[in-house]
K.L.:
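Sharing a structure here in structure tokens format.
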There are 4 protein chains.
Amino acid sequence: MSSQIGKNIKVTVFGESHGPAIGMVMDNPPAGLRLDFDYISAQNKRRAPGNDKTATPRKEADEPEFLSGVKNGVTTGAPIAVCIRNTNTKSGDYEALLNTPRPSHADYAAFVQSKGHNDVAGGGHFSGRLTAPIVTAGSILRLYLKEKDIEIGGHILKIGTAEDERFDPINIDADSLFSLSKSNFALLNPKAEEKMRAEVESARLEGDSIGGIVEIAVKGLPAGLGGPMFEGVENEIAKAVFGIPAVKGIEFGAGFEFAEMRGSQANDQMYYDGGKVLCTTNNNGGITGGLTNSMPIVFRVAIKPTPSIAKPQQTVDLKTGNNTELIIHGRHDPCIVPRALPAIEAATAIAIANLINEVNS
Amino acid sequence: MSSQIGKNIKVTVFGESHGPAIGMVMDNPPAGLRLDFDYISAQNKRRAPGNDKTATPRKEADEPEFLSGVKNGVTTGAPIAVCIRNTNTKSGDYEALLNTPRPSHADYAAFVQSKGHNDVAGGGHFSGRLTAPIVTAGSILRLYLKEKDIEIGGHILKIGTAEDERFDPINIDADSLFSLSKSNFALLNPKAEEKMRAEVESARLEGDSIGGIVEIAVKGLPAGLGGPMFEGVENEIAKAVFGIPAVKGIEFGAGFEFAEMRGSQANDQMYYDGGKVLCTTNNNGGITGGLTNSMPIVFRVAIKPTPSIAKPQQTVDLKTGNNTELIIHGRHDPCIVPRALPAIEAATAIAIANLINEVNS
Amino acid sequence: MSSQIGKNIKVTVFGESHGPAIGMVMDNPPAGLRLDFDYISAQNKRRAPGNDKTATPRKEADEPEFLSGVKNGVTTGAPIAVCIRNTNTKSGDYEALLNTPRPSHADYAAFVQSKGHNDVAGGGHFSGRLTAPIVTAGSILRLYLKEKDIEIGGHILKIGTAEDERFDPINIDADSLFSLSKSNFALLNPKAEEKMRAEVESARLEGDSIGGIVEIAVKGLPAGLGGPMFEGVENEIAKAVFGIPAVKGIEFGAGFEFAEMRGSQANDQMYYDGGKVLCTTNNNGGITGGLTNSMPIVFRVAIKPTPSIAKPQQTVDLKTGNNTELIIHGRHDPCIVPRALPAIEAATAIAIANLINEVNS
Amino acid sequence: MSSQIGKNIKVTVFGESHGPAIGMVMDNPPAGLRLDFDYISAQNKRRAPGNDKTATPRKEADEPEFLSGVKNGVTTGAPIAVCIRNTNTKSGDYEALLNTPRPSHADYAAFVQSKGHNDVAGGGHFSGRLTAPIVTAGSILRLYLKEKDIEIGGHILKIGTAEDERFDPINIDADSLFSLSKSNFALLNPKAEEKMRAEVESARLEGDSIGGIVEIAVKGLPAGLGGPMFEGVENEIAKAVFGIPAVKGIEFGAGFEFAEMRGSQANDQMYYDGGKVLCTTNNNGGITGGLTNSMPIVFRVAIKPTPSIAKPQQTVDLKTGNNTELIIHGRHDPCIVPRALPAIEAATAIAIANLINEVNS
């Protein structure tokens, strides 16, 4: 069971939802980077539960402790270890789930993989809580990217049938992305909020949950990053983003809409603008042939509804070998989308920082 | 510029469209596998141009020569090197493109990445022709998977607005997948063919191209493969599949449709069936928490229209620094979807074979 | 600055000598392994200072705290994170060294690599103290290997001119190796101890230090592990063992003595012994062609004298750009060899556990 | 069975001694490097048999064909594939060896690893002939290093009891290393040649073989390359060099002689020389704490006598399960040391090129 990402800057995530602590180690981090701990803390808050009505009221302190790799607030280049203690853990809620895997959760598959040795409480290592160290790692690398004028930002594009506007993929500026990345309910058009919240509230009242889509943009990357095949920009971002629980799809630029497009519509026409090569459209979402092409990167990510719902569900009892009904107690998010957004941005940051760090001798 | 994939079975793809040869090396391949050269050859033919009206009439022999790793038709366990000589190369067609990058191709980005040292003719290492060694590598590994009763298959789901049926994700059998994987125009419902071909022909007559979607299924995987985060099944398949040129999106199970779903609809209810744990639905596409869950894997892949079209396009002249118009001559595919399908299946096979080979001690 | 090892079971070491904590994360560890914490603690004690007269009297608690990956004393398969708090840190001793790199230490090179951002106190991340998490990781994996009847052990072969006997490379049994691995001053022939200690004491009294050689054996490996070239058994052990500070050489079997040998002497003649293929000699140290050959693995490791000595030394002042004299204060080991031994055994265990876990499909 | 090396520039070696071809693929090579094919060819000749009396009279053309990654003699950055056809193959000589593994060869271990599927003829993938693609890859990277004023060179230090002088480790210049690297029998002191050749000739006449030691130096590396633990300079060089068949030991700087040294003798005293930090001695062989320290790298490598000798040997018959006597026919090197030298230099070049390419952001 590997929980590592990155070819150059390698991030390993550890911990279980109800164990002593969660955290991460970043191997081969940038040296000489001044850490803005307020920024890191703010990103962790965006992800933490209890800060928005769409989320579970469960409160987590989530204060990352830096164990190594930082001296006087500046990274030394040695591995950075961060530890977040688990405090508010109600293992009791999960006792009942020991032998009755929750539908659409990892429970059953994890049981098979570890031959029954997995930590079941709260999903153990598979818990969404493990995105906290990912956000911490991503925040560090966003500060690193910021020094190179690279900004990552995103917004909630859809919850249920309620939709925000899409990014205008040829007019994205770093400042707006930075503003988005400070919000707990990031939207391009604030008018979308009311309808989205109504979708969530309706699901919550029914003991149910609802899915959504987020849209991410990356601004400031030079052309020529990535690779022709399996280490292209799309590959690396996809590999990172599917690391966030509940992500079930990703599309770059026009994505699935390409299916109905003609080449003459789809191709992004090129021109010089003050010595810089740009495109009149950005259907490719900033990536052609696996490489950045100087346009902003734009992609969308599908997020399934939280599997933990209050309604009764059908499952199996692994002990008795019988079918059984399951009622999940405890506090759960009716909609994980707003909290997944900063985690997806963080995963993107890890992928991008590794691409930047790629050597083309 | 890395063109390698795989953590255990590592495939490195080499070659340029108009260089002496293309090929691949498979490091750490399975030992003792009898190679069915007819099968490998048949898969290469599915990918090769000139075999279907939707494709360019250009003919390529594409006969893979095995240089190593095979003795008397059986793999020895040593690296398998395969070389495919380039014969039908009309470099002349590409002379004109040297300084005028083709819109939506890798040309410009590759020029920047290699500081002008890239091989431009036919896209060089970025050419779609490089999928031939990927198909060869994938075919070898499909034979390996077949020995373990794992079958991969796919079909064309959409071209333009013409659509095939979707897989019934809870009723997929290995034999049907194997049948699909022998077809040059694989469909679940043959009735879809006429409308699809009409879409392609219409684009072709206008000197244009058209995109599409393919759907892939994997049958026979045990539960518990994959990992909780960045080495999950979705991550690894996505990383592999985005290695095929023109792929711009991937979604697993219900994918982007999850956005409008409630948890109560989306969650796959579990039950025992003769001692086996199954689900009544398969919205998760066979993967929960990054792990296989005993249901078939199902995913869809978006493919953009071939960027090479006959219509005039706007681009830049990298030598003069001026904007210019580009006319691409030569023979091109009006629709790459049928030829991309076997390449996507092959990339999937490489990902799956590596997952199977993962050690969970 | 990467501090990671392992292709399958990946161990990342973190921390600085005088930072908040040191530790390690083991990604993709074996699942279902019952941890013998007494064994792990005993191995850590062998490495810790203050337990033998040859070492610095500095005391360190070195109690590893398991943060994740273990439930009721059994590994779950999720990453294992271990944290060891730094308590007895006298940073003051090192203030003076900030700009005057210690000869034969990493100080100067680390300063250049991190552009001055490295943590200087006590060597920071380059400190020998960082072998504590390596020993912890190695101990976990030695328990894992023990379950497969694989035992690693070693002894002090040489300190100064004082020598122990060598292993009889064709008669090594697992029990003796296990006994050796419990000793703080492991020897095959106890008579060697007096002379060795005299060498150390003589160096200590002169404010100097002394080097040595250790010899390691691995018993119980099946034939056929490893690889033909760069992932052979020698490569992997060497890569691991050079990770222990002060290691400057490694030789397998007859090692450098091969130079004067004829093939007819050197070749290990083969014979059947009760259905098992064995050799009459073991000049190859259990490895031929990069692969285990069913004989015990035997190798020797050269260890340089501790660079930190009380005598005045010549160095440079990085601030003023002048040459200067350096006096290192504080408590230091006159001979690191006995404490390096368990660390080298641990590094060997990490290498071997990864080889065992290698898939040959 | 993996035959790959390199974290950034990845070289995969393929082929069997008596198969269609051997070769290598270099993934992620430097772009824009002009290849000096004469240099590459000269290095291959140094390694090839038949060019010196110490070697087998067997002749091999060994002409590397570049299949990809090179355009007009300049690397494009795409993977470089090189293929060397096997021509002079006398498989007949090896028929007899099919079931009787040669002592001290990989034969038996390879048989076990591949469950009998290995290619036995001439050692198959384990043959020393596979160093030809390693030398080719290394030569390309030596040209790359040369552009950065980094030179690698070596000499025969010892054959039997005959010895050359050692490098003066503080006075090594790049030009002398380059001269050494053009010789088929590289020595610092030409007087050593006669006695060395006498050792070889004596072994040859008796149907026997003889071992030796080579010494390698690397000049021109900046300080601060490498890493603190498992990716240090010693680790990476050792991992590469043990990839050359018959290598059984490696020591850096004073190596095993450190055992008898005091810290006060061993420590390399530092001083400023025209703004550069240097050392008065170089006992550390240019590496402290796993990092280059601005002094030349110096290391020695132990090479065992060629296992293939004409004298009768004891082995087993894997088919009958009986002990048996083995007579190896065919032409063999009485001393592999002169031919191993360029291969070890090449492996060193691969390791160094990867270190240079390491990103320290």
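Below, chain A is the first sequence line, B the second, and so on; all start at residue 1.
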K.L.:
I'd like to verify something: which residue of B:Gly32, B:Ser114, B:Gly116 has the highest number of heavy-atom pairs under 4.5 Å with chain D?
P.N.:
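The residue among B:Gly32, B:Ser114, B:Gly116 with the greatest pair count is B:Gly32.
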K.L.:
Taking side chain as everything from C-beta outward and backbone as N, CA, C, O, which of these in B:Thr12 sits under 4.5 Å from a heavy atom of chain D? Side chain, backbone, both or neither.
P.N.:
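For B:Thr12, the side chain is the part near chain D, not the backbone.
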K.L.:
Measure the CG-CG distance between D:Leu145 and D:Leu355 for me, rounded to the nearest 0.5 Å.
P.N.:
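The CG atom of D:Leu355 is 10.0 Å from CG of D:Leu145, to the nearest 0.5 Å.
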K.L.:
Hey, is B:Lys71 close enough to D:Glu16 for a salt bridge, meaning N to O under 4.0 Å?
P.N.:
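Looking at D:Glu16 together with B:Lys71, the answer is no, because their closest N to O distance does not fall below 4.0 Å.
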K.L.:
Are side-chain N/O atoms of D:Ser17 and D:Arg129 paired as donor and acceptor at under 3.5 Å?
P.N.:
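No pair is found: no donor N or O on one side chain lies under 3.5 Å from an acceptor on the other.
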K.L.:
I'd like to verify something: which residue of D:Gly15, D:Pro79, D:Gly69 has the highest number of heavy-atom pairs under 4.5 Å with chain B?
P.N.:
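Most heavy-atom pairs under 4.5 Å with chain B: D:Pro79.
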K.L.:
Please check if any side-chain donor atom of D:Asn44 sits under 3.5 Å from a side-chain acceptor atom of D:Ser139, or the reverse.
P.N.:
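Absent: no donor and acceptor within the cut-off.
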K.L.:
For the interface with chain D, which of B:Ala78, B:Gly23, B:Ala110 has the highest count of heavy-atom pairs at distances below 4.5 Å?
P.N.:
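When all of B:Ala78, B:Gly23, B:Ala110 are compared, B:Ala78 has the most.
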K.L.:
With respect to chain B, which residue among D:Ala21, D:Gly124, D:Cys83, D:Ser68 yields the maximal number of heavy-atom pairs within a distance under 4.5 Å?
P.N.:
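Most heavy-atom pairs within the cutoff with chain B belong to D:Ser68.
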K.L.:
Under the ring-ring contact (aromatic ring centres under 6.0 Å, His included) definition, can you give me all pairs with a residue in residues 62-86 of chain B, not counting sequence neighbours?
P.N.:
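Pairs touching residues 62-86 of chain B that pass the test: B:Phe37-B:Phe66.
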K.L.:
Between D:Thr76, D:Val25, D:Asn118, which shows the greatest number of heavy-atom pairs under 4.5 Å with chain B?
P.N.:
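The candidate making the most pairs under 4.5 Å is D:Thr76.
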K.L.:
Does any pair with a residue in residues 20-41 of chain B pass salt bridge (charged side-chain N to carboxylate O under 4.0 Å, His left out), and if so which ones, sequence neighbours excluded?
P.N.:
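Listed by first then second residue: B:Lys10-B:Asp27.
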K.L.:
Among B:Asn72, B:Leu67, B:Val74, B:Ile22, who wins on heavy-atom pairs under 4.5 Å with chain D?
P.N.:
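Most heavy-atom pairs under 4.5 Å with chain D: B:Leu67.
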